Amino acid sequence: MVTILGGGIAGTLLAGGLARAGHSAVVYERRPNVRGGAFLFLDAHAHRTMADLGVPADQLDDASYPVDGFRVGAPASDVHESPATGHRLYHRTDLMRVLTEFAWAAGADIRYGTAFSDLDPDSGMLYPGGAATDLLIAADGIDSIARTRLEPERVAEYAGQVVLYATAAPGTRPNTTPSVLHFHRHAGDTPATFGHFWNDTVAVWFVRLTREPIEVGYTGFHPLARWIEPIRSALPEIPYLLDTLLDHTAMVHVSNARRVPLAKALPPRLPVILCGDADHALSPSSGVGARNAIDDAAALCRALLNGDDPADTMARRRAEVLAQHG
């Protein structure tokens with residue numbers, strides 16, 4: 001049996017893929033899926049990977065919105081447009097609902113409300129309770145308990161930007177092309193990036209502000225009001241677009257962008273294998289965190305079903321991530 005610590009994208013997808021193939025998997029997760037502020041975009045590669053593991057494609061389509069293309073519009077004299085390659089927009093909670101239902105239907109054992117505060121990296125023993133496991137896949141996120149025990153010096157670090165995610169009121173219609181992911185980048189001493197997407201059903205936007213990190217008490221959901229002036233000051237070129245979206249938004253989800261350095265990581269070794277953000281979280285500016293989690297889950301699922309070494313598998317995945325993102 002495989003024990004998976006963390007019921008996010010990687011952990012839930014891996015559990016579902018293993019269970020669907022008749023391989024026992026149990027997931028420990030502290031809390032059920034709750035609505036968060038984040039949304040994400042997945043491309044055709046990510047969708048093929050999930051479908052190959054058995055996630056119903058129609059359910060993914062029903063939980064998301066098609067993206068027709070991308071437009072980078074700053075400065076105005078240097079506009080770039082490109083078509084999408086099977087990209088779709090998800091609220092993270094909607095993607096997690098589909099993945100959780102897939103894992104349950106496949107027979108995965110997902111145990112919510114179970115919090116472990118420590119583990120033995122040499123035996124895979126989880127505490128409290130001393131739950132033993134032959135193989136522990138640690139997909140417990142950027143603040144991974146497992147990584148803390150395996151590699152205490154490899155800690156998450158601030159990536160230099162505060163990230164705000166928001167969903168505007170239904171019916172919000174900016175004066176931009178619908179179903180296209182628009183980016184606006186402001187250069188200078190404190191660069192900022194603004195992005196938005198809308199269609200007849202949904203309107204979402206995000207901002208990345210280069211600044212000192214904010215205190216933990218100011219992360220999570222907060223009224224938009226205290227962030228209006230910092231956003232407008234950082235992005236003076238698009239006042240009318242900002243006004244349309246800000247005026248139709250009440251709350252914003254705020255977080256410090258963080259990453260987990262990978263270049264000096266110790267080689268993966270059994271019985272505890274790091275996976276997803278627990279091992280190689282990238283700054284949100286890269287836009288590939290969810291796709292990397294999906295690729296990790298698929299690679300580990302194939303390895304375990306084929307009898308391959310999961311440590312070797314994650315070593316190869318690390319090399320791929322480093323080659324793509326440095």
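Being a predicted model, the structure only gives us computed values, none of them experimental.
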- Query: Can the positive tip of R226 be found less than 6.0 Å from the middle of the six-membered ring of Y218, inside 45° of the ring normal?
  - Reply: yes
Does this structure show an ion pair linking R302 with D308, if we count only N-O contacts that are shorter than 4.0 Å? no
When every non-hydrogen atom of A297 is compared with those of L14, the smallest separation belongs to O-CD1, 3.6 Å
| request: Apply the test side-chain contact (heavy atoms from CB on, under 4.5 Å) to residues L181 and R71: give CA-CA distance (whole Å), side-chain angles for both, the deciding distance (0.1 Å), then the verdict. | output: CA-CA 6 Å; L181 178 55; R71 187 178 191 274; over 6 Å; no
> Are T219 and H253 linked by a side-chain donor-acceptor pair shorter than 3.5 Å?
Replying inline: no
Margin query: A quick test of your reading: do over 12 heavy atoms of other residues, nucleotides or ligands sit less than 6.0 Å from CG of N175?
Written below: no
Heavy-atom side-chain proximity of R97 to T93 below 4.5 angstrom = no
Main-chain N/O of L245 paired with T249 side-chain donor or acceptor, under 3.5 Å:
yes
Problem - Polar contact flag, side-chain donor to acceptor under 3.5 angstrom, T176-W198 - result: yes
TODO: Taking the side chain as every heavy atom from C-beta outward, state whether V162 and W227 have any pair of such atoms under 4.5 Å apart.
DONE: yes
Shortest non-hydrogen pair, A106 vs R20, comes out as CB-N, 3.7 Å
Correct closest heavy-atom pair for I273 and P268 would be CD1-CB, 4.3 Å
- Does P83 reach the side chain of D68, with side-chain heavy atoms less than 4.5 Å apart? no
* To do: State plainly whether the residues R147 and D140 are in salt-bridge range, i.e. N to O under 4.0 Å.
  => no
When I137, V27, L274, L126 are each screened for side chain to side chain contact (heavy atoms under 4.5 Å, CB included) with L5, the one that passes is L126
- prompt: Going by an N to O cut-off under 4.0 Å, is there a salt bridge joining D43 and R88?
  reply: no
Exercise for the section: Determine, for R258 against D277, whether the closest basic-nitrogen to carboxylate-oxygen distance falls under 4.0 angstrom. Expected result: no
- prompt: Hey, is the main chain of P230 close enough, under 3.5 Å, to the side chain of S233 for a donor-acceptor pair?
  reply: no
Q. Is any side-chain heavy atom of P178 less than 4.5 Å from a side-chain heavy atom of D200?
A. no
Ring pair (Phe, Tyr, Trp, His ring centres under 6.0 Å) filter on H196, not counting sequence neighbours, yields H182, F194
Cation-pi, Y90 ring and R92 (6.0 angstrom, 45 degrees):
no
Sequence neighbours excluded, the answer for side-chain hydrogen bond (donor to acceptor under 3.5 Å, both in side chains) partners of N199 is none
Minimal heavy-atom distance between T172 and A169, with the atoms involved, is OG1-O, 2.6 Å
- Query: Is the backbone N or O of A146 less than 3.5 Å from a side-chain atom of S144, with the two atoms forming a donor-acceptor pair by type?
  - Reply: yes
Any side-chain donor near an acceptor of the partner, T49 and D52, under 3.5 Å
no
Original post:
Are the side chain of E29 and the backbone of I110 linked by a donor-acceptor contact shorter than 3.5 Å?
Top reply: no
Point to revise | Ring centre gap for F41 and H87 strictly below 6.0 Å | key: no
Nearest heavy-atom approach of L164 to V252 is CB-CG2, 3.5 Å
- Side-chain donor-acceptor contact under 3.5 Å, H280 with D296: yes
Tested for salt bridge (Lys or Arg N to Asp or Glu O under 4.0 Å) against R269, the lone hit among D309, D312, D122 is D122
With sequence neighbours left out, the residues meeting side-chain hydrogen bond (donor to acceptor under 3.5 Å, both in side chains) with H23 are none
Looking at side-chain heavy atoms only, is the closest gap between H45 and M50 below 4.5 Å? no
| query | Under the 3.5 angstrom rule, does the side chain of T177 hit a backbone N or O of V180 as a donor-acceptor pair? | reply | no
* To do: Check for a donor-acceptor pair, side chain of T244 on one end and backbone N or O of Y240 on the other, with a separation under 3.5 Å.
  => yes
Q. Quick check: does any side chain N or O of T85 sit under 3.5 Å from a backbone N or O of A44, one acting as donor and the other as acceptor?
A. no
Would the Y127 and F116 ring centres measure less than 6.0 Å apart?
-> no
What I want to find out is whether E320 reaches R317 closely enough, with some N-O distance under 4.0 Å, to be called a salt bridge. yes
Evaluate the criterion side-chain contact (heavy atoms from CB on, under 4.5 Å) for residue pair R259 and L282; output intermediate values, then yes/no.
CA-CA 5 Å; R259 60 193 170 212; L282 301 172; 5.6 Å; no
**Report entry** Close side-chain approach of V254 and V163, heavy atoms under 4.5 Å
**Finding:** no
Checklist entry - Do L40 and Y165 have side chains that get closer than 4.5 Å, going by heavy atoms? => result no
Closest non-hydrogen atoms of C275 and M314, given as atom of the first, atom of the second and distance, are CA-CE, 4.3 Å
